[in-house]
Every structure is written in structure tokens, then in C-alpha cells.
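So you know, we letter chains A, B, ... as the sequences are listed, proteins then strands, and number each from 1. Basis for what follows: all heavy atoms, side chains included, without hydrogens, waters or symmetry-related copies.
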Number of protein chains: 2
Amino acid sequence: MSESMDSRKAAILRAVVDEYVKDAEPVGSSHLARISGIQVSSATIRNEMNILEHDGYLTQPHTSAGRIPTDKGYRYYVDTFVSESENSDVMQFRSIEEFFTKAHGALAEMFSDTSRLLTKLTNYAAVVTGPSPESKLIRSIQLISLDTKKVLLLMVDSKGVVEKKTLELSEEVDESALEMASNYLTKKFRGAPLGTLVEMESSGNLRLDNLCMESLGALRELRGEAESVYIEGAANVANAFDAVDTVRRVLATLEQHFLVVSLIRDVLSKGQKVAIGSELGIEPLAECSVVVSPYVVEGERVGSIGLVGPTRMNYPKVLAAVNLVSAGLGKRLSEG
Amino acid sequence: MSESMDSRKAAILRAVVDEYVKDAEPVGSSHLARISGIQVSSATIRNEMNILEHDGYLTQPHTSAGRIPTDKGYRYYVDTFVSESENSDVMQFRSIEEFFTKAHGALAEMFSDTSRLLTKLTNYAAVVTGPSPESKLIRSIQLISLDTKKVLLLMVDSKGVVEKKTLELSEEVDESALEMASNYLTKKFRGAPLGTLVEMESSGNLRLDNLCMESLGALRELRGEAESVYIEGAANVANAFDAVDTVRRVLATLEQHFLVVSLIRDVLSKGQKVAIGSELGIEPLAECSVVVSPYVVEGERVGSIGLVGPTRMNYPKVLAAVNLVSAGLGKRLSEG
DNA sequence: TCTGGCACTCGATAGAATAGAGTGCTAAGG
DNA sequence: CCTTAGCACTCTATTCTATCGAGTGCCAGA
């Protein structure tokens, strides 16, 4: 591979990606010569495309068809031509601001609404993951009796998100004991992150200690439970691909939420915002790309939003949308 | 339409449906003569099929193809041959029992797990709707401070389901006032159905009255909020249809949860368990059938489960699955 | 009333022919 | 040395034709 990407080759690669994203059809040299700003003959373009193909940026579906970008080609395109700051079609995105200035209800709805917004903006499948349970700060703990020996534990965090857990007690308790324990636990742990629940020293009251112990166990379990995920617009993958079995594969994969979550985590942990086709490392998603962005609340990355579409996606637009939405979400949550 | 459905015609119709459901291919007279228990010649079958077609039970994709059932044909099949009580392939369904005897967490997970179970059993898209908010019995009301003038209201119902609502107060309150109001409201309304919240007489304490008033408002809003819906296995529609645009249409429709909910409600309100193709009255779902069943907790229908698949679905199996799962869910929730 | 026989219809499949988009290569011109 | 016009070549997509065969409707005879 003699990597010598001069500016003309780059321009050609860029044009190929743009055209292919637009029309979903292999683009040929003469088409490029006509359409693009490159002022050379189709023959020259042919030569350059040949080299680009040998270097792995382009490929031909078959001899005597035009070229389409490879994953590597998309990667170069994204790294080189898609500026993070530029807001592509800002006009179209006015609705984002509007969306986030409107008041919103519970956090869960906020996330699923955000997911819906993203899917509407981009016409691809959108994913929003909520804050990881460990980082949550406890605001209030309530024990509510469901049965003589069965209690519902409610934990409200600093953002107003409610987590719940039913727990079976070893002995019967009455309402007043529950109320007492609720107050005690809330006072004790208010402001503590769910992730760092220490042991509790004895309060002197055996009955109370017992109840608190069991509640603490439930809280620890809560912490380990799966992150919340909101996936919307999965139906759009049916629009993104013609082959019905590609649609099947991708949809089936998207239904496995944990897979999607770890996918997004992986991409972010590599410091990337975009992962393309084979880079995802998930065979059924070989024809997909993922664009992700963490959102930041009070200086901390608490969750992320992502977008799953075909490798042949409008990267500038999608990146802009994802960035704007993640910024909006972070800001909105910071005000909270 | 000379409706004279003798038993032989019925047997032929039944065989056509069975074969078509199995192979997804138009079934011809000679095939039936060979395969089925009907001991007449293909010519006779042809004559009967001709009549069945004229009566609207069968149709031909084109001249000189076999017959496939119409919606009317499926309807007759379901009404006549699918016995409610019979449990088709009970062997396969052993997992249902197992599923419902295992303990389960919060109700929300219960519903989405149930939805997943149904989709796994049938390979179609499953819908579970939670209890309608109005019928819920209040068990506990908690007010938790989020900000000086912002409060999170939690309502736990008799099943341990938590509903929440943020409310903006007209004046500042302190923690002790919130605690007092929580206790007051809980005592006052424990056991009352959310649907019948009456006005409250004054308690004598102006501060408290005010807070309770605002809380009541929030509770009333809660009541009006959308039913919870859990749809799983939507990806299966990609398996059910070959035409990619049918897949698109159906998926897009399933994403509109309110549509699905009202669809299920409509079917149930007509006292039906099965709605077929055009009977649904939703154009994009013209090639789909829906099988629904309410589930009963303590003698009351509190929600429903449903299944969306192609008109060409295995009705006996699906009906058995839906019935068993709804029974299981109802029983499980009654114990709760 | 049923059934075997038969002519007929029409989609599906396979081949052959054609058109055309696009390529790689070569040779001439700057 | 780089560019470009020209050209032969390749290969898909399209169209057309011919053929096959599954399935039908109808009729005449048991």
C-alpha cells in the first residue's frame, strides 16, 4: 500500500462518498468529472480511483461498475472532512433548541423523548443510555409496606429518578418501623453516591439495624442492575437497507439492548465518536455505522447518546445532530 | 353469495388454511387430494374450491395458481376450528409455567419480560399493556423535595407500581411540611382508586391544605397519563413478510404505541380475541392479524396482552400461547 | 353426484441477444 | 512527467422469446 493521499485524491474520495451517500449507486469517473468541482478529465479521475482502490479506500461491486467507498474510505472521509464544530444544516435543527427549552417530566420520559427526537432528525435508529446507577447520588430512601413481610424500597436520586426494588424481610415489621427506617436511611445516606455504600455502624436499636441491613443489601443490588437504555426508530433500518435479510439481522441485533450498550461503551472508550462497519466488530452490523456522543452534566459524563445507521449515512448531518442533541441534553439536565 | 357451508367445504377450507400457514404457498386441488384426509378426487375439490372462492373464503393470486385464504376465510377458520380450551402444542409451552413461578422484580420488568416471553413462544411481535391508571388503588403517597419549590410526588399503588410526577409549588416548603403532607395524604387516600379522587375537606392547617391541593392536582394528571405499553419482538415482522416495504409499513405502525393500544382496546371492546387483516381497520396492517386477551387480577380485567403477526399465522398455537400467558400473568399478579 | 380427461391459462424459469455504463490501457500532446 | 482522448473490453441489467408445468374450468360418462 503506497499511501500517498494528495489533495486531489482526497477530493475525489470525498466526492465519491458524497455522491454515494446521496444516490446509493456506485459512482463512475465520468459522473464525477461532470458533477464535482474537480477540473480534470474522467480519464485522470479513473487513474486516481484506481489507486484509491488499490490503497483500500474504494471498491467495485463488480468490474465495470462505478466505485463505492470501503469502511476505510468512510473512515478517511469522517476524519478528514467532517468538522466537529460545523453545524451542517443548522436550519433544520432549530427544533432541537425548542425541544430542550420546553419543560419536561420525569427523566425516563426525557430520555425516550430525546431518543425520539434524534430519530426524527436523522431518520436512523437512536439510542440514549441513562446515567450509570453507580454515579447516582441518593436523595431519599423510602420503605413502603406491600405485605406483612414484603417491602418496596424506593430510592430517589438527585435528579429525581426513582429506582425500586422489592425485598422480602426475615421478620414482620409494622408501618411505624418502616417510617423510622426510611427517615434514618435517608438522613444517613443523603448525598452519597450509590456506588460507594459503606457499611453502617449500629444505631443501638436491634430492630432498626436489621431492617437497615436488609435495605442496604437491596440498594447494593440496585447498583448492579442494568443501565437504562432507550432505543427508538429501529423501524428506520427497514428504510436504510434494501435487502430484507440485512434488515432482519440488524433489527435482531438492535433488540439485544446489552449488545448496543456495550457497543457504544466500546466506541467511547476508544475516544471515538464514529465507528464504521467492520470497526464495530459485530458481524451482523457489518453494514452499519454508529455515531456516539457522551453528554455531560456538571462536568461529568453521565451517559451517552448514539445513532445507528447504514455505513452509507450522512455523516456531517448525523454528527451535527448527535453533538447538538447531546449538548442540549447535558445542559437541560444540569439545570434540572 | 349463496352461503352453504357444508362440512366438506369446511374441511377443505380448513386444509387450505393449514397448508398455506405451513408453506406460505398457494395450495392447489391435487395437493389437497393427496395430503388431506378428504377422500374425494381433485376434481371435486376443484369444484368446491370454486364455490368457496365465489363465496369469498378463498382467492387466487392469479389464474392457474392455487388458492389462498381471504380474511373471511381465516375468520371462518378461527371461529370454527380453533377451540379456546385446546392447548395445541402444550409440550412446547412448559416454559410458561416455569416463567411465572419464578419470582419477579418490579411490575414494569414483569410486563416487558412477559412481552419477551410471548414473542419467544410465537415468533411474532408481542404487546403487553399495563393496568389502566384509573383502576389503580393508592397504597402510599410520598412527597420528596427536589428544590426549594420543586417536589417529586411518588404514588405507589397496591401492586407496588410506582408512578411519579414532578410538581412546581406556588410557595416554598420545608422537609417537615412535606413529610407531614405525605403522611396525611397516604392516610387519607390509602385504598382509594386513582380514578375516583374526590375533593378534600380542609384539615384546618392552611399550609398543609395548600400542599395537598397541589398534590391532588398532580395525582389527577397522573391518572390521565398514557397507559404503559411494552412491545417486544417487533424485529420479527421482518421475518414474517418477504416484501421489504410491507415490513417498513408494519414496523412504522408498531412504533406508534398509541395506535397499537387503541387497536387492542377496539378488538377487546367488540368481545373478540382475534382480528384479521382488514378487520383491523388500519390500512398498513392489512396483512396482519392480532390476537388479544385481557388478563384478570382479582376478578377484574386490568390490562391485556396481544400479538401481532401476519394474517398467515398459526392461529391455534398463537391463541393457546396468548391464553396461557394471560392466565399466567393474571394469576401471578393476583398472588403478588 | 362424483370423477377422469382434456384443453387452456398464465406465472415462472431459462437462454440468447442487446444496450450501455464503466473500466484499463495506450499513445499522443502539453 | 502529467494529462487526456480514444478504444477495446468486461460485465450487469434489460428485454425478448420459448418452454415448462402447476393448476384451473368444464364436460361427458359412471
Report yes or no: do [X] and [Y] form a side-chain donor-acceptor pair below 3.5 Å?
X        : Y        : value
A:Ser289 : A:Thr311 : no
A:Asn323 : A:Lys273 : yes
B:Ser293 : B:Ser326 : yes
A:Thr70  : A:Thr59  : no
B:Tyr77  : B:Asp18  : yes

> Does a distance-only test, which skips hydrogens and angles, find a donor-acceptor pair under 3.5 Å between the side chain of A:Ser41 and the base of D:dT4?
Replying inline: no
>> Regarding C:dG4, can its base be found pairing with the side chain of B:Arg46 as donor and acceptor, where the two atoms are less than 3.5 Å apart?
In response: no
>> Can you see if the side chain of A:Arg67 gets near the phosphate of C:dA21 - specifically, an N or O under 4.0 Å from OP1 or OP2?
In response: no
>> Would you say A:Thr44 places a side-chain N or O within less than 4.0 Å of OP1 or OP2 belonging to D:dT4?
In response: yes
Whole angstrom value for the distance that separates [atom2] of [N] from [atom1] of [X]:
X       : N      : atom1 : atom2 : answer
B:Leu32 : D:dA22 : CG    : P     : 16 Å
A:Ile51 : C:dT23 : CD1   : P     : 14 Å
B:Ile12 : C:dC2  : CD1   : C1'   : 13 Å
A:Met49 : C:dT23 : CE    : C1'   : 9 Å
A:His54 : C:dC25 : NE2   : C1'   : 13 Å
B:Asp23 : D:dG23 : CG    : P     : 12 Å
A:His62 : C:dG22 : NE2   : P     : 9 Å
A:Asn50 : C:dT26 : CG    : C1'   : 15 Å

> If you find the nucleotide of DNA chain C closest to B:Arg8 and the one closest to B:Ser64, which residue's nucleotide is nearer the 5' end?
Replying inline: B:Arg8
> Of all the choices, D:dG23, D:dG25, D:dT4, which nucleotide is nearest to the side chain of B:Ser30 once you look at every atom?
Replying inline: D:dG23
Quick one: label [X] by what it contacts on the DNA or RNA (base, sugar-phosphate, nothing), any heavy atom closer than 4.0 Å.
X       : result
B:Ala65 : sugar-phosphate
A:Thr63 : sugar-phosphate
A:Asn47 : base

